[in-house]
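Let me begin by presenting the structure, written as C-alpha cells, before commenting on it.
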Amino acid sequence: MFRFLTAGESHGKALSAIVEGVPAGIEIPSDFIRAELARRRLGYGRGARMKFEEDALQLLGGVRHGVSMGGPISLLIENSEWPKWEKVMSSDPVDETELSELSRANPLTRPRPGHADLVGMQKYGFDDARPVLERASARETAARVAIGAVAKLMLQQIAGIEILSHVVRIGTVDADNKLPQYGDLSSIDTDPVRCFDSHTSQEMQDEIAAAHKAGDTLGGIAEVLAFNLPIGLGSYVHWDRKLDARLAFALMSIHAVKAVEIGDGFELTRMRGSDAQDEIYRDNNQLRRRTAHSGGTEGGVSNGEILRVRAGMKPISTIPRALDTVDVSTGEAAKAINQRSDVCAVPALGVIAEAMVAITLAESLLEKFGGDSLAETRRNLQSFNENLSF
Ligand code: EPS
C-alpha cells in the first residue's frame with residue numbers, strides 16, 4: 001500500500017510529509033527530488049516568491065546511503081519565508097503586541113471569491129482567513145512533488161515507467177495536438193510556459209503578460225503522459241480501484257483544478273461509437289490499439305498503451321483587480337483580500353500533476369505486483385508479463 005500525508009502551512013516553518021509503502025532497495029538520490037522541486041518553480045507567470053525562495057529538502061528517515069529500507073520515508077522542506085512570519089505563524093502563543101504591524105493592521109476578513117477563505121472560515125468557525133489560506137495554499141504542492149519524485153523513482157526502477165507533462169492551454173490559447181515523447185521533457189522544461197510547441201508558447205506568454213497588465217489571472221490545461229505502463233493496473237470489478245477514477249481523484253485534489261479528462265475525454269461524447277473506440281490489431285506478439293482515444297485505460301484498467309490525462313485549472317482567485325465580497329467582520333460590502341500573487345501557475349500545474357499521476361500509478365502498481373523489495377516486486381511483474389495469455 002502506497003500512502004502519504006503532508007503537513008505544514010504556506011508561511012510556516014516547513015512542510016513535512018511521510019510516505020509509506022516504498023519497497024526496500026529503491027535508489028532514492030535526494031538530488032533527483034531537489035531537481036523535481038526546482039521544476040515546480042519553473043514557468044512564466046509565477047509571483048515574486050518563486051524567485052527568492054528555495055525548496056531546501058531534507059530526508060529524515062527511511063533512506064540509507066541513497067537506498068530505501070522499506071519503512072516510512074520522512075521528508076522536510078523548510079520555508080525560507082519563515083523568519084518574516086515567525087510571530088504570525090508561531091506554534092506557541094504570542095503576545096498580541098508582538099504581532100507585526102502588518103498583521104494587526106490587515107485582518108483577513110474580506111474573503112476572495114473562488115478561494116477557500118469563506119467556506120474555510122464558516123466550516124472551522126474562524127473569524128479571520130489566516131488559518132484557512134495558510135493551509136489551502138498551493139505551497140503544499142511542494143510536498144506532493146517531493147513524494148511524487150519518490151513514486152517516479154519507484155515506477156522507473158520496478159517497471160521502466162516514465163512520466164512527463166506539457167502545457168496545452170493557457171487562457172484562450174491552445175497548443176496544437178502534437179504529442180511529445182519522453183525524450184522531449186528537457187526541451188519542454190526549458191520553455192518559459194512548458195509548452196511543447198514553441199510558436200504557441202510565445203502566444204501563451206503574451207496572454208499572461210496581458211492578464212498581468214490588466215491586474216488579472218489566468219488558468220489553463222496541463223497534459224500528463226505516462227510511458228511503458230504494464231497491462232492490468234486498476235480494476236473493472238471494484239469501483240474504488242478503477243485506475244481512471246483514481247487518477248481523476250488525484251488530479252482533482254490539486255489546488256484550483258476544476259476539470260479532469262482521460263484520453264479524449266469530453267471530445268468522445270461528440271463521436272459515433274465506431275469512431276470513438278481504439279481498434280485492436282496484432283503487432284508481432286503483442287495486441288495493440290490503433291488509436292489512443294481512450295487514453296490508455298479501458299474498463300478502469302491500464303491496457304499497456306500510453307496513459308494520457310489532462311487537468312484543467314481555473315484562474316487563480318487572488319486577483320489584483322479585486323472582486324466584490326463582504327467584510328465578515330462588519331457585514332458590509334467590500335473588495336476582496338489582495339496580496340502578492342501569481343498571474344498563472346499552469347506550467348507548475350503540469351509538474352504537480354505528474355507527481356499525482358506517479359503517486360496514483362505507484363499505488364496501483366503495488367496493489368497488483370507489490371512485494372517488500374524491489375527484486376520481489378520486479379519478479380512479480382515479470383512473471384505476470386511472461387504468463388500473459390495474449
Ligand atoms: C500561494 C501564494 C503565493 C505563492 C504560493 C502559493 O505565496 P505568497 O502568498 O507567500 O506570495 O507563491 O506558492 C508557493 C509558495 C509555492 O511554493 O508554490 C497561494 O496562495 O496558494
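Atom set for the values below is all heavy atoms of this structure, side chains included, hydrogens, waters and symmetry mates excluded. Read the numbers this way: they start at 1 and go in the same order the structure lists the ligands and their atoms. For reference, positions follow the sequence shown, starting with 1.
Electrostatic pairing of Glu354 and Arg194 counts as a salt bridge here, judged by a charged N lying under 4.0 Å from a carboxylate O. Salt bridge status for Glu36 with Arg39: present, with a side-chain N to carboxylate O gap under 4.0 Å.
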Expected rows: ligand 1 N/O, protein N/O, dist below 3.5 Å:
from, atom 1, to, atom 2, distance (Å)
ligand 1, 10 (O), His11, NE2, 2.6
ligand 1, 10 (O), Arg49, NH1, 2.7
ligand 1, 10 (O), Arg340, NH2, 2.6
ligand 1, 11 (O), Arg340, NE, 2.5
ligand 1, 11 (O), Arg340, NH2, 3.2
ligand 1, 17 (O), Arg40, NH2, 2.6
ligand 1, 17 (O), Arg139, NH1, 2.7
ligand 1, 18 (O), Arg40, NH1, 2.7
ligand 1, 18 (O), Arg40, NH2, 3.2
ligand 1, 18 (O), Arg46, NH2, 3.3
ligand 1, 21 (O), Ser137, OG, 3.4
ligand 1, 21 (O), Ala138, N, 2.8

Scan the side chains in residues 224-234 for donor-acceptor partners under 3.5 Å anywhere in the protein, sequence neighbours excluded, and list what turns up.
from, atom 1, to, atom 2, distance (Å)
Asn228, ND2, Gly160, O, 2.8

What donor-acceptor contacts under 3.5 angstrom involve side-chain atoms of residues 203-212, with partners at least two apart or in another chain?
from, atom 1, to, atom 2, distance (Å)
Gln205, NE2, Ser201, O, 3.4
Gln205, NE2, Ser201, OG, 2.9
Asp206, OD1, Gln202, NE2, 3.0
Glu207, OE2, Thr172, N, 2.9
Glu207, OE2, Thr172, OG1, 2.9

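For the pairing with Asn79, the side-chain hydrogen bond (donor to acceptor under 3.5 Å, both in side chains) check across Glu9, Lys84, Arg139 returns one residue only, Arg139.
Contacts classified as salt bridge (charged side-chain N to carboxylate O under 4.0 Å, His left out) and involving residues 14-28 (residues at least two apart or in different chains) are given here: Arg3-Glu20.
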